Amino acid sequence: MERGAIPVDDVPGAVDLQSTLESGQTYLWWRPDGATYETDGAYGGDAWYRTVVGDDVVEARQTEDAIEWRATTDAADLVRDLLGLRDDLREIRRAATEDDLAQAAWDAYDGLRIVRDPFFGCLISFICSAQMRVERIFAMQESLRAEYGDPIDFDGETVYGFPRPETLAEATEDDLRDLKLGYRAPYVQRTAEMVASGELTEEDVRGRAYELAREKLTGFVGVGDKVADCVLLFSLGYLEAVPLDTWMQTAIEDHYPDCDRGNYADTSRAFRERLGPYAGYTQTYLFHYLRSGGE
DNA sequence: CTCCAGGGAGCCT
DNA sequence: AGGCTCCATGGA
């Protein structure tokens with residue numbers, strides 16, 4: 001096992017690991033101590049979080065002056081990528097809309113960073129997110145790992161990573177329904193099949209202009225505009241992407257009514273112009289703030 | 001009991 | 001393109 005620490009002084013802007021990993025933007029990190037999601041600071045904010053990238057287990061926690069990590073490999077650069085620690089939060093916030101709601105959200109969770117989840121896990125977890133509560137989305141990913149993940153030895157402990165595309169592609173719809181995925185089961189199986197066969201992959205999306213990338217992603221089964229935006233924002237680093245879910249639609253009705261253009265594409269465009277070049281950042285702060293009871 | 005959750009597919013016009 | 005309807009599951 002290798003270890004390291006990233007001093008917070010080396011990170012441009014504030015860092016808040018708990019807000020970053022428990023704001024509903026990623027379902028691929030969990031607490032190895034078994035704590036349930038959203039236990040609200042019961043660990044003093046210094047709990048370890050765990051994820052798996054490829055064949056490597058990676059853990060991170062926040063201490064007073066650093067983000068500490070331990071992993072099956074040298075993960076110093078990887079942790080910076082996964083947790084958005086390279087993003088200059090000061091510059092990003094300066095570019096954000098100055099309206100009261102957005103600023104209140106930024107104030108409440110300063111240090112929340114946009115994650116860069118591995119593509120396939122992000123894609124599958126957000127397909128699972130359709131009409132589902134945050135807590136249960138976590139539970140579904142846990143089931144997928146336990147049932148289909150490859151075992152990895154981590155300092156004597158066996159850790160199961162997110163399933164590989166080929167493995168999920170070979171699962172049957174009924175297998176996945178047994179994991180309580182409901183009507184998302186065939187979506188997950190067929191999308192895994194598309195990735196595994198090469199019919200449509202990360203490489204077909206990455207690097208393309210934002211709206212074209214979103215259109216490409218909707219080629220996956222179970223992926224519409226909203227889930228596509230989640231993958232663009234939380235995996236591929238398109239910081240302008242603004243997933244328009246039920247929370248954002250309500251926020252737009254109540255606080256940005258002139259951005260409501262009656263359809264996803266046009267409302268998205270108007271909302272992005274309002275929130276600025278890093279619209280996805282402010283969107284994620286708004287989502288977490290509103291869902292946690294603000295305003 | 002009903003309602004709803006980080007929506008999308010299929011089918012209709 | 002835009003507007004239905006249905007889709008599993010579990011907690012409030």
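Keep in mind that this is a model prediction, so the values were computed, not measured. By convention in this document, chain letters (A, B, ...) are assigned in the order of the sequence lines, proteins followed by strands, and residues within each chain are numbered from 1.
- Remark: the separation of the P atoms in C/dG10 and B/dG8 is 22 Å, to the nearest Å.
- Side-chain N/O atoms of A/D174 and A/T172 include no donor and acceptor closer than 3.5 Å.
- For A/R269 and A/E211, the salt-bridge test passes: some basic side-chain N is under 4.0 Å from an acidic carboxylate O.
- Both distances falling under 3.5 Å, in either a Watson-Crick or a G-U wobble arrangement, place B/dG8 opposite C/dC6.
- Following rounding to the nearest Å, A/L123 (CG) and B/dG6 (C1') show an atom-to-atom distance of 15 Å.
- Residue A/R136 is classed as a base contact, given a heavy-atom separation below 4.0 Å to a base.
- Atom CG of A/L286 is separated from atom P of B/dG6 by 16 Å (rounded to the nearest Å).
- Checked for salt-bridge contact, A/R133 and A/E135 miss the test: no charged N lies under 4.0 Å from a carboxylate O.
- Rounding to whole angstrom units, CG of residue A/D117 and C1' of B/dG6 are separated by 14 Å.
- Judged by distance alone, the side chains of A/T218 and A/R214 never bring a donor and an acceptor atom under 3.5 Å apart.
- Nearest-nucleotide mapping onto DNA chain B: of A/V221 and A/I137, the residue sitting toward the 5' end is A/I137.
- At a cut-off of 3.5 angstrom, the base of B/dG7 holds no donor-acceptor pair with the side chain of A/Y187.
- Pairing for C/dA12 is with B/dT2, a Watson-Crick or G-U wobble pair whose two hydrogen-bonding atom distances lie under 3.5 Å.
- Taking atom P on both nucleotides, C/dT5 is separated from B/dG6 by 24 Å, rounded to a whole Å.
- Note on A/Q249: nothing from the nucleic acid sits closer than 4.0 angstrom, heavy atoms only.
- If you take OH of A/Y264 and P of B/dG6, they are 15 Å apart, rounded to a whole angstrom.
- Under the stacking criterion of a centre-to-centre distance below 5.5 angstrom and an interplanar angle below 30°, A/F287 sits stacked against the six-membered ring of B/dG6.
- In this structure, A/L290 places its CG atom 16 Å from C1' of B/dA5, rounding to the nearest Å.
- Ion pairing between a basic and an acidic side chain is recognised when a charged N comes within 4.0 Å of a carboxylate O; A/E199 and A/R190 show no such pairing.
- Contact footprint of chain A on DNA chain C: nucleotides with an atom under 4.0 Å from a non-hydrogen protein atom, first to last in 5' to 3' order, C/dG2 to C/dG11.
- Between A/Q131 and B/dA5, a side-chain N or O to OP1/OP2 separation shorter than 4.0 Å is absent.
- Distance, A/L28 CG to B/dG6 P: 17 Å, rounded to whole Å.
- Going from atom CD1 of A/I127 over to atom C1' of B/dA5 covers 18 Å, rounded to whole Å.
- Within the 4.0 Å cut-off from OP1 or OP2 of B/dG7, at least one side-chain nitrogen or oxygen of A/T246 is found.
- A donor-acceptor contact closer than 3.5 angstrom links the side chains of A/D87 and A/Y281.
- Taking the centre of each ring, A/Y27 and A/F126 come in below the 6.0 Å mark.
- Side-chain contact, A/R61 with A/Y49: no donor N or O sits under 3.5 Å from an acceptor N or O.
- Nucleotide B/dG8 holds its C1' atom 14 Å from the CG atom of A/D229, rounded to whole Å.
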